[in-house]
Amino acid sequence: MRNAVRPVSREEILRQEEVARQIAARPDRPRSYHLITYGCQMNAHDTQTMAGILESMGMDAALTREDADLILFNTCCIRDNAERRAMGNIIFTKEIKKQRPRLLVGVCGCMAQQEGFQQRLNTRYPHVDFSFGPGEIYQLPQRLLDAMEGRREAAFRAGEDSTLYEGLPVLRSSPFFAYLTVMYGCDNFCSYCVVPLVRGRERSRALPHIVAEAEALVRDGVQEIMLLGQNVNSYGTDSDGPRFHELLRALQDTGIRRLRFMTSNPKDLSDELIAEMARNPAICPQLHLPAQSGSDAMLRAMNRKYTREWYLGRVRALRAALPQIGLTTDLIVAFPGESGDDFAKTLSLVEEVRFDSAFTFIYSPRGGTAAARLPGRVDPGVASERLARLNALQEGITAQVLSAQVGRRAQVLAEGSARRGSGQLTGKTERGIACNFPGTTDQVGQILPVTITAQGHNTLKGQQILPD
Ligand code: 5AD
Ligand code: SF4
C-alpha cells in the first residue's frame, strides 16, 4: 500500500475539531496569528489550510509578526538560501518573545520533515514552541494545545510523512481563484532535489474526491483553479487509476471557467495531454515546463530522464497544438561539472524556445541528494556570472514576448484593484501574464475581454472591449 492515498480518518479529524473547540474556549488562547510562507505553491496552499484551521479556533490574521500572539513559519528546504532566510527569521522571534513572553512560535513545512530537524529545533531553540511536517497539518490544533500546556516532547513529535489530509477548512486568499492538490510527493529523484526526501513518494488523490472539491469551489464562485502536484503529468500512474488528461476532462464538466496546472515534468508530457489541452476550453494556454538545462550531459547528471531534443520536440508539439501557448520554465546553472560549453547550451535552449519567463537558480547542494556527492563544483563567482548572463538573456526575450502581445485581444480574470483608487483593475491573461486595465470594482471576479495596448515591466496594459 506504499502508494495509496491515506486520507486522515474521519475520527481523527473529529478529534482535532474537538481540540480546536477546547482551544477556542480557553481565555489564554492566542487571538491572532501571523503565517510566514517560504517556497512553492504547495506551501502557499498549505498556508491557506492552516489559516482556515486557525480561524476555526476564533483567531484573526495579524498584519505583522509584532502584532501576533502566534507566529507560524511554513518553511521550504529546496535551496540553501530559502533555508537560511527562514532560520534567520525563526531565530529572530526570540527577540520578539523577550518583549512578549506569551507569544507562541511554531515551525512547519519541508524543513520540519528533514531527518533530525525537529529534534534540533526542540533542544537548541527553547523559544520555539512546536513543530510538525507537511503531512501533519491536520494535527495543528493538538500541537498548539501541547505547546500551550507545556508538553514539549509531544509538541515536537516527528510524525509519519505519509498521512494526507482532505476536507480541512481552507481560507482562500481570493474568492475567485483556488489551489487544488491532485497529488502529493515525487518519485523522480532528480539528483539535485530534496523534494522526494521530504514530501515522500507519489500519491495521487482519487478522481471523485478532486472532482467533488472542484464542484464545491465552482459553487462558491471560483473562476480559476490551479491544480497542484510536484509532477502532475504522472497523476494516476501510482495507482493505475485515470490519467491526468482524463482528470482534466472530468474537471471541465464541473463548469469551472479556467484551469491551470503545475508542475509538469517534460518526460511525462504525453500526446494525450497535449491533445486535451488543445480540446478542453477550460484549460488556459499556459504551461510551466522546467527544462533545468540545455545540455544533455547535465540533464543526464541531473537524472532528468529526457534529452534536449526530447524537450524541444515537446515544445514543438505544444506549439503545433496551441499556437498561442505561453511557456515558462525553471533553469539551474552551475550544476556540478557544468562547463562553459554546457552553460552555452542552456543559453541556446532559451533562445530557441523563447519562454515567457524563467525561474533561474544557482545549484545549491542539498544533504541526502545524489548530486551533493558529485565532484566538479563550479566556482561561486563563475556561477553568479552565468546566472546574470542567463537572466539578461531571458529579460530581453520576456520584453519581446510582451511586446508581441500588444494589439492582441486577451481575456483577463479581474482579481482586484491594481492600486486603491487608481481606477485600474489587475488580473492575468489566459496566457498567465499580469495585465492592468481601467475598470470598476464591481467587475472584480469577472473574466473580461481586453485589447492589449502597451507593455510594462513584466506586465501588460489593456483596454476593455465589448465581448465577441
Ligand atoms: N539547487 C538549485 N535549484 C534547485 N531546484 C530544485 N532543487 C534545487 C537545488 N538543489 C529548482 C529546480 C526546480 C525548482 C522548483 O527549484 O529548478 O524545478
Ligand atoms: Fe524535484 Fe525532480 Fe521531483 Fe521536481 S520532478 S520535485 S525537481 S525530484
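Atoms within each ligand, like the ligands themselves, are counted from 1 in listed order. In this text, all values refer to a predicted model and were calculated from it rather than measured experimentally. We're numbering straight along the sequence, starting at 1.
Of the protein's heavy atoms, Tyr192 CD1, 3.3 Å lies nearest to atom 7 (N) of ligand 1. Nearest to atom 4 (Fe) of ligand 2 among the protein's heavy atoms is Gln230 O, 4.4 Å. Here the heavy atom of the protein found nearest to atom 5 (S) of ligand 2 is Asn188 ND2, 3.4 Å. In terms of protein heavy-atom proximity, atom 1 (Fe) of ligand 2 is closest to Cys193 SG, 2.2 Å. Scanning all protein heavy atoms for the shortest distance to atom 7 (S) of ligand 2 gives Tyr192 OH, 3.4 Å. Looking only at heavy atoms of the protein, atom 11 (C) of ligand 1 is closest to Arg79 NH1, 3.2 Å.
Ser131 places no side-chain N or O within 3.5 Å of a backbone atom of Ala112 that could act as its donor or acceptor partner. Between the side chain of Arg172 and the main chain of Val222, no donor-acceptor pair closer than 3.5 Å is present. Of the possible polar contacts, none joining the Glu202 side chain to the Gly185 backbone as a donor-acceptor pair under 3.5 Å is found. Of the possible donor and acceptor atoms, none in the side chain of Thr360 sits under 3.5 Å from a partner among the backbone N and O of Asn391. Glu95 places no side-chain N or O within donor-acceptor distance of the main-chain N or O of Phe92, the cut-off being under 3.5 Å. The backbone N or O of Arg201 lies less than 3.5 Å from a partner atom in the side chain of Arg203, making a donor-acceptor pair.
Only the backbone of Phe189 comes within 4.0 Å of ligand 2, judged by heavy-atom distances. Proximity of Cys186 to ligand 2, defined as any heavy-atom pair under 4.0 Å, is confined to the side chain (atoms from C-beta onward). Here Asn231 has no heavy atoms under 4.0 Å from ligand 2, in either its backbone or its side chain. Only side-chain heavy atoms of Phe361 come within less than 4.0 Å of ligand 1; its backbone N, CA, C and O stay farther off. Contacts between Pro196 and ligand 2 below 4.0 angstrom, taking non-hydrogen atoms only, involve the side chain exclusively. Contacts with ligand 1 closer than 4.0 Å are made by backbone heavy atoms (N, CA, C, O) of Ile362 only, the side chain lying farther away. The proximity of Thr263 to ligand 2, defined as any non-hydrogen pair under 4.0 Å, does not occur for either the backbone or the side chain. With a 4.0 Å heavy-atom cut-off, ligand 1 is reached by the backbone of Ile78 and by its side chain too.
With ligand atoms numbered from 1 in the order given, ligand 1 contributes 10 (N) to contacts under 4.0 Å with heavy atoms of Arg366. Of all atoms in ligand 1, numbered sequentially from 1 with element shown, those under 4.0 Å from a heavy atom of Gln292 are 12 (C), 13 (C), 17 (O), 18 (O). Near Asn265, meaning under 4.0 Å from any of its heavy atoms, are these atoms of ligand 2: 5 (S).
With respect to the salt-bridge test (charged N to carboxylate O, under 4.0 angstrom), the residues Asp296 and Arg300 do not qualify. Taking a cutoff of 4.0 Å between a charged side-chain nitrogen and a carboxylate oxygen, Asp46 and Arg199 qualify as a salt bridge. Lys345 and Glu352 are not joined by a salt bridge, as no carboxylate oxygen comes within less than 4.0 angstrom of a charged side-chain nitrogen.
Under a 4.0 angstrom heavy-atom cut-off, Arg199 registers as lying outside contact with ligand 2.
Applying the side chain to side chain donor-acceptor pair (under 3.5 Å) test between Arg431 and each of Gln286, Gln411, Gln324 identifies Gln324 as the sole match. Each of Asn231, Asn233, Thr237 was scored for a side chain to side chain donor-acceptor pair (under 3.5 Å) with Asp268, with one residue passing: Asn231.
When Asp80, Asn81, Thr329, Asp330 are ranked by how near their heavy atoms come to atom 18 (O) of ligand 1, first place goes to Asp330. With distances taken over non-hydrogen atoms, the option nearest atom 10 (N) of ligand 1 out of Pro290, Ser364, Ser293 is Ser364.
Annotation: cation-pi geometry not satisfied between Arg205 and Tyr184 (NZ/CZ under 6.0 angstrom from ring centroid, within 45° of ring axis). Annotation: cation-pi geometry satisfied between Arg314 and Trp310 (NZ/CZ under 6.0 angstrom from ring centroid, within 45° of ring axis).
Residue contact annotation: Cys190 places an N/O/S atom under 2.8 Å from atom 2 (Fe) of ligand 2.
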